[in-house]
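All residue numbers in this chain count up from 1 along the given sequence.
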Amino acid sequence: MLDYIWAGMILIGILSAAFTGHMADVTNGAISSAREAVSTALTMLGVISLWTGLMKIGEKAGIVSSMCRKITPFLSRLFPSVPKESKAMEYIGINVIANFLGLGNAATPLGIAAMKEMQKENPNPSVANNSMVMFVVINTASIQLIPTFMGALRAQYGAQFPFDILPAVWLASVISLIVGVIVAKLLQGRKKEHRLR
């Protein structure tokens, strides 16, 4: 459906430009947007490569596993059905750390791996279990110490202080995480009550 909407919008824009004599503007806009998209992608590639490389170094040095062990007691309360020593808990821990450092895109493969591991233990594979839902909530509303991606974008587009958004990011992510976890826990409780009836 979205394909048709986008195609329709593009077609309407081109026809409007043709009838109003602004085809040159459409062409120039398309070329400059393509150039800007490539430039942004290269900037993000550099940032993601840097932080992913640092994560790999930390992983090899044992720093990541040490951090995972420190947050596992907290995570095991949020994910009571996931065994502490399982591969899923390890992936969840590394994903949380990566998101905390602002590596949303680099954390995605870890999140997918965690979901695959949790799916193996899911009694009903066609429906997400409580742990999977909680993981999506935490992953989506993650607290970011350093919003690397947003800072790099702001720097590229000329922000004088690209990280002056930190207090707002911290506040928004803490509130969204707390609210998300509470709502997920409440809905889990309703699901259990419904099963008991």
Of the non-hydrogen atoms in A114 and I92, which two are nearest, and what is the gap between them?
CB-CG1, 3.9 Å
Is F74 atom CZ crowded by more than 12 heavy atoms from other residues, nucleotides or ligands, each under 6.0 Å away?
no
Of all heavy-atom pairs linking S173 and S176, the shortest is O-OG, 3.1 Å
Please answer whether the main-chain N or O of G62 pairs with a side-chain N or O of S66 as donor and acceptor at a distance below 3.5 Å.
no
ILVMFWY cluster, V181 and I178 together (side-chain gap under 4.5 Å)
yes
Output for pair (K84 NZ, R69 CZ), nearest 0.5 Å, gives 13.5 Å
If I take atom CE from residue M132 and atom CD from residue E121, how far apart are they, to the nearest 0.5 angstrom?
11.0 Å
Between S86 (side chain) and V82 (backbone), is there a donor-acceptor pair under 3.5 Å?
no
Interatomic distance, N130 atom CG to L78 atom CG [nearest 0.5 angstrom]:
12.0 Å
Shared ILVMFWY cluster between F100 and M134, side chains joined below 4.5 angstrom?
yes
Measuring from atom CD1 of I94 to atom CD1 of I71, what distance do you get when rounded to the nearest 0.5 angstrom?
9.5 Å
When hydrophobic residues are tied together by side-chain contacts of less than 4.5 Å, even through go-betweens, does I175 share a cluster with V183?
yes
Which atom pair, heavy atoms only, marks the closest approach of L177 to A141?
CB-O, 3.4 Å
If you draw a 6.0 Å radius around OH in Y4, do more than 12 non-hydrogen atoms from other residues or ligands fall strictly inside?
no
Same apolar cluster: W170 and I97, side chain cutoff 4.5 Å
yes
Tell me whether S32 contacts the main-chain N or O of N28 through its side chain, where contact means a donor paired with an acceptor under 3.5 Å.
yes
Under 4.5 Å between any side-chain heavy atoms of E85 and E90, yes or no?
no
In terms of heavy-atom contacts, M118 and S131 come closest through SD-CB, 3.8 Å
N129 side chain to P123 backbone, donor-acceptor under 3.5 Å
no
Test item: R154 side-chain N/O and F161 main-chain N/O as donor-acceptor pair under 3.5 Å:
yes
Measuring only between side-chain heavy atoms, which start at C-beta, is I5 closer than 4.5 Å to M9?
yes
Would you say the side chain of V136 lies within less than 4.5 Å of the side chain of M115, judging by non-hydrogen atoms?
yes
CD of Q119: more than 12 outside heavy atoms within 6.0 angstrom?
yes
Minimum heavy-atom distance I14-M23, with the two atoms named
O-SD, 3.8 Å
Say you draw a straight line from CD1 of I138 to CG of N95; how long is it, rounded to the nearest 0.5 Å?
9.5 Å
How close do F79 and F135 get, heavy atom to heavy atom, and via which atoms?
CE2-N, 3.5 Å
N/O donor-acceptor pair under 3.5 Å between E117 side chain and Y91 backbone:
no
So CG of L171 and CD1 of I165: to nearest 0.5 Å the spacing works out to 13.0 Å
Tell me whether V174 is reachable from V137 by hopping between hydrophobic residues (I, L, V, M, F, W, Y) whose side-chain heavy atoms are closer than 4.5 Å.
no
